[in-house]
Amino acid sequence: MKPLIIIVEDEKPIRHFIKVALETQNYGCIEAQSGREALSLTASHHPDIMVLDLGLPDIDGLDVIKQVRQWSGIAIVVVSARGREREKVEALDAGADDYLTKPFGVAELLARIRVSLRRVSTVSIQSGMESFVFQSGDLKVNFEKRRVELNGEDIHLTPTEYSLLTLLAKHQGKVLTHRFIMNKIWGPSDDTQSLRVCMANLRRKIEKDPAQPRYITTEVGVGYRMMEE
Ligand code: CA
């Protein structure tokens with residue numbers, strides 16, 4: 001069965017642009033122009049993914065996420081205006097999976113949808129992830145042996161660097177917020193200094209040019225993302 005995507009956007013041209021792009025890739029689409037319509041269509045049609053504009057005429061997009069999250073594991077990709085990093089972080093912390101910044105292109109839209117669909121379909125096998133070998137370009141992580149290789153050579157990481165790398169690798173393609181990473185590795189704290197230092201050290205070991213990272217990119221004001229190939 002083809003994946004079903006609900007497009008929640010009050011601006012018709014943008015909604016149309018998204019619909020055409022997704023239907024070309026053989027995804028099924030339903031459309032909602034408001035938050036209320038989004039909630040009722042999600043409950044009645046059980047779509048796999050929601051593409052959600054945060055600026056809606058009736059309910060705040062953030063409240064749509066919070067309400068949907070009470071009863072659905074649907075993947076949510078939010079659409080936000082440029083420069084509104086705080087809004088994106090709030091949406092991600094409320095349970096959104098990823099975001100797109102307006103204006104965005106078809107390639108970016110499809111990449112976010114692909115990663116989110118993978119997340120939805122792999123949730124049930126997450127527990128088997130420990131025996132998984134991650135590979136991206138010349139970088140290879142063997143979770144079972146706790147071994148990291150670059151170009152076939154072992155690289156030595158500290159336990160914290162290893163945790164940071166594997167956390168991002170296990171969520172490849174998806175943005176992880178500073179807060180999410182801090183919580184998983186250092187415990188609850190808003191002081192991201194240790195994260196920044198650890199990331200700089202990790203990049204020195206795995207990136208050819210740490211200033212132009214190929215594997216882990218910085219999402220300014222939001223967090224980090226392990227790139228898909
Ligand atoms: Ca809007």
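The model shown is predicted, which means the values in this text are computed figures rather than measured ones. In listed order, ligands and their atoms are each counted from 1.
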Check your understanding: Is the Ca ion (ligand 1) under 3.0 Å from any N, O or S atom of G55?
Key -> yes
**Study point:** Atom name, D10 (N, O or S, nearest to the Ca ion (ligand 1))
**Key:** OD1
Review point. Do the charged groups of K88 and E219 touch, with an N to O distance under 4.0 Å?
Key: no
Point to revise | Qualifying residue, where the test is side chain to side chain contact (heavy atoms under 4.5 Å, CB included) with M182 and the options are T177, L195, D191 | key: L195
Review point. Y215 and side chain to side chain contact (heavy atoms under 4.5 Å, CB included): which partner among D138, L165, L168?
Key: D138
Exercise for review: Tell me which N, O or S atom of D53 sits nearest to the Ca ion (ligand 1).
Suggested key: OD2
Review point. Quick one: are the ring centres of Y224 and H171 less than 6.0 Å apart?
Key: no
